[in-house]
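One-based numbering, in listed order, for ligands and for the atoms of each. No hydrogens, no waters, no symmetry mates; every other heavy atom, side chains included, goes into these values.
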Amino acid sequence: MVGLQLPVCSVFFSILLAVVYFSKKRINSFENKIYSVMLISSIIDSLLVTFLQICGYFEITDTLHVIIEWVNKLDFILLICFTSCLFLYAVLITFPKIKQNINRLFFYSAIFNILGIIIMLFLDIDVTFLESNKATVVGGAPVVTAIVCATHILATIVVTLLGFKRISTRHIPIFMSIGLTILLLVLYSLDPFLIIISITLTFINFLMYFTIENPDLKMIEELNVARMHAERANLAKSEFLSSMSHEIRTPLNAIVGFSDCILRENDLQVAKEDAKDIVTASKNLLEIVNGILDISKIEANKMEIVETDYNPRETIYNLVKLVVPRIGEKPIEMKVGITQDLPQVLHGDVKKLKQIITNILTNAVKYTDKGTITVMVTCLNQEGISLLSISVEDTGRGIKPEKIDKLFNKFERLDEDRNTTIEGTGLGLAITKRLVEMMGGKIIVQSKFGEGSKFTVYLKQRISDQKEVKEENKTVVAKHYPGKKILVVDDNKINLKVASKILRELEISVEEVDNGFSCMEKIQNGEDYDMILLDDMMPRMSGSETLVQLKKIPAFSIPVIALTANAIEGMKEEYLKKGFDDYLAKPISRKELYRVLNQFLDGHQEGENGNKIDFGPLPQEIFEFSTTPQQEKTTYDLDYLKNKGIDVDKGLSLLRDEETYREMMTTFLQEIDQKIEKMKTFINEKNAKEYAVLAHGVKSDAKYFGFTELADIAYQHELKGKENNMDFIIKHWEKFDQEINRIKEIIRPYLEGDRS
Ligand code: ADP
């Protein structure tokens, strides 16, 4: 009966352990699953061994002999299973990061075990009973089992040694198991009749239970980890809140402080300077609030990916075009290189992409004083996917290596002392990184302090099968309206000409009048129009006043569109309230005009059959300063204007061709002297209101032609006129007059010049 005691003991203890273990609430982890398998293997193993021991007390018939052999083989399978679990367990607790690849490890070890088991099953096993219950098991099967189990134990030793730096109390059962296996071998060599394997397995399981696999201990451990995470998150939130309130308070203080100054200030010029500071601080505040909203949205997983088709080349050029003005006076050259392979149309979240590129590009501009900023876009196209690499390299101040890690932290601004003159919130890169990651990409920074930085974004985007982006705002449908008739009312001849030119291009017949009274007269005389474009700011009777009169005419139902240079936000609502049907800001944009025409002459927004007007190629010359070849002969004169500081492109973007530009400018030159005389008369008469109307006209013309400075001065005069501030007008008239004369001197030779 000696041989039975140990197996029965292990049956009893392993069942007890299993009951305790399985009755407790456990975490669903790989370790727990492995341990469960080990427990079950140990129970079955001890049951089988007990059965084999009991067989020893009976007469061994041939049938029983075969059964005993197969039960032995079954037991070998359990041993293989147990040692394999031990190995996997050792891997898991030594290298916790392997969890992502654990399935692959399971797969390989399962193949190894199955191979071993199949070979073992085919090999022979010879069980010889000596006296009573003592038996020896020899043959190929036990040898293969021993080899497989030894391999597991060896692998366990190797794994533990490889991760020796991570060895902790959790490894105690592993070491014990290794030690016990070696002890088993020694004992077996001394007495081959010992039945101690099952009790060893049970012992190992007990050890594991009391050191690592006790669900209570595990629960506490997990709870601790969860608590630590919660505490850390809470701390981060508090830090975020406190830095946020600090960041918000800075611009708010400026706003409150400067507002207070304005209240006390009598000098308008000083007050204006203060107001400028308020605007700057408010913009900064807005940027912070937007940034915070973005960050919280991303962190709360509320930011969604919205995918559309887009033209990557155009997107990048447009972004660069937007950022270039920020360079200001700094001697920086902006270069853009885009690979020829870049697909025509990509499918992805273009809004986020724009935000990402804008952030790194504006940083490059902000933190570079001179040199070059190079935007490089390359790609690798494969199986419908384009792997984009977008880099922005600058020759700016660079970043210290030890600071690179902090770069993407919220509110982290490096070298605060040097940053004082550069506006920023420290949120840009934090948002950028999160956006890139949301889109499944990567951002990399390379930088040499004092020499420059390079930010590279890698993103995968689907290549769209569309040939062209069907974007509403890219092309605007300009329909032709033969037979339609529009009345344009504007006191400014240039405005009249521009509007008429565009309308006539669309086969619309146009009538022009230069004041509200004539407009009234025409309607009262029964003339019918499909639309009236009515300028608001006109002398004697404004557009708004004219509209009031028009509405009094019975059955008046012509759509009236306000034309105004008052292009501030919220103006549209103002005009709609006054009874206008829509609003067009001056200088008139073709796109907007087409929209209004489509809406009121057709009754719907966009026509499908119209000719597509493409707004022409992108003005690439701004990026390729050094490489742009000299313009053709006919534009020589335009170059002359450009060199004189005139924003010719603006004029041309509106009037389309040089012919019209020149023609309009001739009208301007013919009229300007007369206008100057009138303005002088109004000054003498102290008639600020009428003076303001004329100044408004000059401003509007100046804007059309790209006389930026003149437009600014005229605008100031217009404002002062409206405020009835004759003192300012008298004091600054000379400057205004001088600027007009300067412009006259510039454009006269251009207009008289030989064009050939
Ligand atoms: P900020 O609003 O301050 O620009 P960001 O998060 O965009 O915030 O950038 C964080 C900090 O990283 C900046 O304050 C600046 O010190 C540094 N930085 C970012 N881009 C560059 C660059 N191109 N060259 C040098 N420093 C940079």
Side-chain angles (χ1 to χ4, degrees), residues 236 239-240 243-251 254 280-299 319-320 322-324 326-328 330-336 352-377 389-438 442-457:
E239 270 172 15
F240 181 65
S243 49
M244 190 180 87
S245 16
H246 169 76
E247 298 298 324
I248 289 183
R249 208 173 289 142
T250 315
T280 313
S282 311
K283 281 187 184 160
N284 191 241
L285 183 62
L286 188 69
E287 204 179 308
I288 293 175
V289 173
N290 283 338
I292 290 169
L293 289 179
D294 276 353
I295 287 258
S296 359
K297 245 182 161 177
I298 297 171
E299 290 186 349
L319 286 181
V320 176
L322 277 179
V323 177
V324 164
R326 292 205 185 196
I327 294 177
K330 293 196 275 190
I332 296 176
E333 188 182 4
M334 178 80 86
K335 286 187 187 163
V336 179
K352 293 196 177 62
L353 181 76
K354 279 183 186 169
Q355 206 174 342
I356 292 165
I357 303 176
T358 311
N359 279 349
I360 48 179
L361 201 53
T362 37
N363 273 352
V365 172
K366 280 200 295 191
Y367 302 107
T368 303
D369 295 326
K370 59 175 192 291
T372 324
I373 294 174
T374 314
V375 181
M376 219 27 161
V377 183
S389 147
I390 304 162
S391 67
V392 176
E393 190 170 4
D394 62 51
T395 52
R397 57 165 67 170
I399 303 155
K400 288 184 185 142
E402 67 271 20
K403 299 279 176 70
I404 291 213
D405 285 346
K406 292 184 170 180
L407 216 56
F408 298 104
N409 292 351
K410 281 172 283 201
F411 295 123
E412 191 76 59
R413 304 200 69 209
L414 313 179
D415 302 318
E416 225 23 275
D417 43 331
R418 293 167 69 202
N419 258 349
T420 43
T421 51
I422 302 174
E423 283 168 22
T425 60
L427 280 172
L429 285 179
I431 296 175
T432 307
K433 180 156 191 270
R434 285 164 174 79
L435 289 178
V436 172
E437 284 167 358
M438 264 189 85
K442 228 166 62 179
I443 179 164
I444 285 173
V445 190
Q446 294 159 289
S447 187
K448 237 185 184 170
F449 188 60
E451 288 186 19
S453 322
K454 184 175 179 184
F455 285 75
T456 312
V457 173

Point-to-point distance, once rounded to the nearest 0.5 Å, from CG of Leu435 to CG of Asp294:
7.0 Å
What atoms in ligand 1 come closer than 4.0 Å to a heavy atom of Leu407?
12 (O), 17 (C)
When rounded to the nearest 0.5 angstrom, what is the spacing between CD1 in Ile356 and CE in Met438?
9.5 Å
Straight-line distance of Leu407 CG to Phe455 CZ, nearest 0.5 Å
4.5 Å
Taking heavy atoms and a distance under 4.0 Å, where does Asn359 meet ligand 1: side chain, backbone, both or neither?
neither
With a 4.0 Å cut-off on heavy atoms, is Ser453 touching ligand 1?
yes
Counting only nitrogen or oxygen atoms and a 3.5 angstrom limit, does Leu429 reach ligand 1?
yes
The side-chain contact (heavy atoms from CB on, under 4.5 Å) partners of Thr456 (sequence neighbours excluded) come to Ser389, Ser391, Gln446, Lys454, Tyr458
Going by the atom numbers of ligand 1, which of them fall below 4.0 Å from some non-hydrogen atom of Gly428?
5 (P), 6 (O), 7 (O)
Euclidean distance, Thr395 OG1 relative to Lys370 NZ, rounded to 0.5 Å:
8.0 Å
With heavy-atom distances below 4.0 Å as the criterion, list the atoms of ligand 1 near Lys366.
1 (P), 2 (O), 4 (O)
Mind checking side-chain contact (heavy atoms from CB on, under 4.5 Å) for Thr372 and listing every partner two or more places apart, or none if nothing turns up?
Glu333, Lys335, Thr374
A student checking ligand 1 against Arg397 at a 4.0 Å heavy-atom cut-off should list atoms 25 (C)
Measuring from atom 27 (C) of ligand 1, which candidate in Tyr367, Phe408, Phe449 has the nearest non-hydrogen atom?
Tyr367
